[in-house]
Colleague: 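Can you keep this structure in mind? I'll have questions shortly.
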Amino acid sequence: MSNNYEEEIRNMVSEILEIPIDKLTPDADFFRDLNIDSLKAIEIVAAFEKKYRIIIPEQDIPKIRNLRQVVEYTAPLNKEPLS
Amino acid sequence: MKDRRIVITGLGVIAPNGTGKEEYWHALKEGRSGIKRVKRFDTGQFKCKLAGEIDNFTPAKFLGQKGLRDLERTSRLLCSAAKLAIEDAGLSINHENTDDIGVCTGTTLSSLWNFAQFDKETIQEGPLFTNVALFPGTVMNAASSQVSIRFNIQGFNTTISNGYSSSIDALKYAIDFIKLRRIKAVLVGGVESLSLVNYSGFYRLGFFAGINGEELSCPFDKRRNGIILGEGAAVVIIEDEEYARSRNAKIYAEVNGIGNCFEAYKMGKYHPGANGLKESIREALRTSEIGVSDIDYISASANSVPEQDRLETMAIKSVFGRYAYNIPVSSIKSMIGETFSAGGMFQIAATIGSMYKNFIPPTINYEMNDKDCDLDYVANKSRLTRINNVLINNYGPGGSNAAFILSKWH
């Protein structure tokens, strides 16, 4: 997992959640700590799916609850981002 | 009608010629137009280039930065106007009164752009890769709902999409709710936003000024040849008088009479008798406490379309008889353009300014008389005079008509 990739994901999530990058720590729970709603969660998923042209199965979505899990889940799926 | 008095206690305006009530009123008094070359999109392929565009709008100033990402332009406009109105009314929304406050908004075209964007992405990116953030904005009631969400208003929320008369129809709906004692205060708004698709639609219908003549919004003038599209949002807060008094609110004006009438005729054609408009004005007078000679000013719906201005003139003469020649009539659409469903709310916001700043806004760009339009149109310069009762007309070729009488609060 490259730092560049992690940084890219972090920027994307920070932009969607309107949360400053420094507050978006790898382990901050989206729902409990960052207080995001279900629409925002779908938006994050959809942004990944669109950027990396992957489909995240419905049953996997609840497992991804913080930035670290996002990176860990998506990194193996994409060696090369498409955009 | 006077079982319950309903009053206006606050207003917020984001208009092409001014942001906030003072700037808006000042522009109207000076006869300053907000119509200019469109910047939001390329008009290169159109023969027309102008619109009442709001080009210096900074929503963060009213709403803060947080959450703006989720608001499309129409919601930004309406929420900003709502914020100004809530502040102006000194209305504190809290857990005790939130169920007693409602939102009612007139808008018709405003979601078209969001819909078009979402649709475009679905086709370009594929149906599995659309931007879901765009989806909530594709519905007609998006902007109205965002007002309730942002200001934590838990009472009813309704959108009226009735074309040209939406603002006053929304007002009537809200008034009825208050009369039925189902709500104490309502944020009544009107909003439309300018977009390439709206512009293209009206252009292709041949409805724009500049296609067959000069590109100018000149209501009642002989050269008139179509509309110039405008955008913006205006919100007024109406309340039960008792409620307004209980919280020591300042009161601008009183809702006096109101009438509306739908006359289905033909798609996009004016009924040659303007019967719906006449009936709306009569109903507004009938439900008010005043007579025809008490009307000090008529805020016209005239939008520089040849038929519209002629028929409104005819309807006014039909209802008011010879007295019609004594009443000043003007159209602020000469300065802000045709804001469609928001038009009535802009007229109400302008009229409150007239009552408190003692002026009648002019019909600007008025130079050539038309024998079919022979009333006193307050040409080019505002008129300084005291105003107590104003008739506001809303109508268009869609068949929906509404009229409203607003009276200064004494």
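As the structure is a computational prediction, the values presented were derived from the model and not from experiment. Protein chains get the first letters and strands the later ones, always in sequence-line order, with residue 1 at the start of each.
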Colleague: Verify the neighbour count for atom CZ of B:F135: are there more than 12 heavy atoms of other residues, nucleotides or ligands below 6.0 Å?
Modeller: no

Colleague: With a 4.5 angstrom heavy-atom cut-off, is it the side chain or the backbone of A:I55 that approaches chain B, or both, or neither?
Modeller: side chain

Colleague: In Å, rounded to the nearest 0.5 Å, how long is the span from CD1 of A:I54 to CG of B:L128?
Modeller: 12.5 Å

Colleague: From B:T130 OG1 over to A:E49 CD, what is the distance, rounded to the nearest 0.5 angstrom?
Modeller: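 One finds 9.5 Å between OG1 of B:T130 and CD of A:E49.
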
Colleague: Distance-only, no hydrogens or angles: does the A:E18 side chain make a donor-acceptor pair with backbone N or O of B:K66 under 3.5 Å?
Modeller: no

Colleague: One pair to check against side-chain contact (heavy atoms from CB on, under 4.5 Å): A:K40 and B:V132. What are the steps and the verdict?
Modeller: CA-CA 9 Å; A:K40 282 282 180 202; B:V132 285; over 6 Å; no

Colleague: Does atom CD of A:Q59 have more than 12 heavy-atom neighbours from other groups under 6.0 Å away?
Modeller: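 Yes, enclosed.
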
Colleague: Would you find more than 12 non-hydrogen atoms of other residues, nucleotides or ligands less than 6.0 Å from B:R69 atom CZ?
Modeller: yes

Colleague: May I ask you to check whether over 12 heavy atoms, not counting those of B:F129, lie within 6.0 Å of atom CZ?
Modeller: yes

Colleague: Does any heavy atom of chain B fall under 4.5 Å from the side chain of A:I42, the backbone, both, or neither of them?
Modeller: both

